[in-house]
Amino acid sequence: MKELFPTAPAPIVHNQYQEVRELFSRYVVPSYGRFELAFSHGAGSYVWDVTGKRYLDLGGGIAVTALGHANPEITEALIEQSRRLVHVSNLYFHGPQGRLAQHIVKHLAPGKVFFCNSGAEANEGLYKVARKFGHDEGRFEVITAINSFHGRTLGGIAATGQDKVKKGFEPIMPGFRHVPFNDLDAVREAISPATVAVLIEGIQGEGGITPARADFLLGLRQLCDERKLLLLVDAVQCGHFRSGRFQSFQRVLEDVQGAAGFLPDGISMAKSLGGGFPIGAFWLREPYQDLLGPGTHGTTFGGTPLGCAVANKIFEVIERDGLVNNVRTLGAWLKGELDRLGQAYPNVVNGGRGLGFMLGLELQPKEQIAAFAGSDRAASMQMADRLHEAGLLLIPSGTQIVRLLPAYNLTRHQAEEGIQILESVVRKLAGA
Ligand SMILES: *Cc1c(COP(=O)(O)O)cnc(C)c1O
């Protein structure tokens, strides 16, 4: 694998933390629970905060920075494309959007792609496709999973199977039902005359790193065919090679009998697709690819020449450098290490979860970890705090899990460094 040269960190002039913090307090809507960290620059899998402290970033900006920070090839693609053409609107054609759609279709199956700007927006497109599909029969309801996450728009919080995102925003948009994940019978029972689609994450991310089971996927495909429902996959977090295949269902169904022809009818994407440049998309399989005809859907910024040039470059680099192999082999090693931490420190860690570079370390309940028991903060948040102190960024998921969603060009050395830091923190919590 080709090593990328990290760019030299900028000189630290003075500690801007209080300054930045103050600007946020005064001027930024406080809708996020943020950690007390402010970053200034990054290189590859490292980022530096404004005090000059270096962190190993295994969170990847929540599964986004697929090629790491300040990747010189992304920078080059941005500069080159921005010198030619940044934006023309979707009133016109341009090369980068066509080529990116071709890339995505080639990795899946005959169909077409719509471009937007985020994951929630990609899912919104899928809800509209589902409604269009069922419209003449009066069908509009989408079944989603408990503990799912589909974004923060009104449609997204209606689709998301977690009460905490809905609270305070009632009335919730109608048309969604939630059933337990990986429970085919529950899906079957939830189908009503109004049901038009089933939407699941290939690997639940915000809900705690739970992959869809192979039998669930195959059963869903059959059920959707029988009941004339669209099978939709939210691959915003688990897609774009993060699982060690382009799509996580391909990874889950590898070597599974009778799975060779499996495909959903629609897939939403974002996060790693742009490597940090905001871009989202959804793919629709034949024969549904033309359901949204002229005038039915659109967005000003979707699929700009600039965004698509970056996404095309990311595809190119992932393929040229064989990064999928890195995700598979290093992902398997990391997963083994997380499991080892579970065996070595069973009073703190309940083991590893996930596939490829979408991994979670499951902690024991807060009450069982002496150092965490006294605080109101969830175990996952307290763990993240301690990891920050030790120079490692991981992403909390629910109350019990910290996620590893690293860049695909992570090196073995960096992976080892991450595990060393993680183990040092876990060891202290175990009182060992
Ligand atoms: C992050 C995420 C979304 C929302 O994406 P945004 O870009 O934040 O709108 C939707 N679905 C899943 C599975 C996600 O992880």
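Start at 1 with the first residue, then count along the sequence. Counting starts at 1 for both ligands and their atoms, following the listed order. Please read these numbers as outputs of a predicted model, since none were measured by experiment.
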message = Under 4.0 Å from a heavy atom of Ser118: which atoms of ligand 1 are those, numbered in the order shown and with their elements?
response = 7 (O), 9 (O)
query = Hey, are Arg54 and Asp49 close enough for a salt bridge, meaning a charged N less than 4.0 Å from a carboxylate O?
reply = no
message = Any salt bridge linking Asp163 with Lys166? Criterion: basic side-chain nitrogen under 4.0 Å from a carboxylate oxygen.
response = no
key: More than 12 heavy atoms of other groups within 6.0 Å of Phe35 CZ   = yes
ask   = Relative to the heavy atoms of Glu201, which atoms of ligand 1 are at a distance of less than 4.0 Å?
value = 13 (C)
task = Could you tell me whether the side chains of Glu206 and Gln162 share a donor-acceptor contact shorter than 3.5 Å?
result = no
ask   = Any salt bridge between Arg221 and Asp265, counting N to O under 4.0 Å?
value = yes
ask   = Of all the atoms in ligand 1, which lie at a distance below 4.0 Å from a heavy atom belonging to Asn123?
value = 10 (C), 11 (N)
ask   = Atoms of ligand 1 less than 4.0 Å from Lys271 heavy atoms?
value = 1 (C), 2 (C), 3 (C), 14 (C), 15 (O)
task = Would you kindly say whether Ser192 and Glu141 are connected by a side-chain donor-acceptor distance under 3.5 Å?
result = yes
ask   = Protein heavy-atom contact under 4.0 Å for atom 7 (O) of ligand 1?
value = yes
query = Any N/O of Glu206 closer than 3.5 Å to an N/O of ligand 1?
reply = no
inquiry  = Checking a contact table here: which protein heavy atom is nearest atom 11 (N) of ligand 1, and how many Å away?
reply    = Asp234 OD2, 2.7 Å
message = With respect to Val236, determine whether any N or O atom, backbone or side chain, lies less than 3.5 Å from an N or O atom of ligand 1.
response = no
note = A student checking ligand 1 against Ala120 at a 4.0 Å heavy-atom cut-off should list atoms 4 (C), 5 (O), 6 (P), 9 (O)
task = Write out the residue and atom name of the closest protein heavy atom to atom 5 (O) of ligand 1, then the distance separating them to 0.1 Å.
result = Gly119 CA, 3.3 Å
task = Determine, for Lys128 against Glu124, whether the closest basic-nitrogen to carboxylate-oxygen distance falls under 4.0 angstrom.
result = no
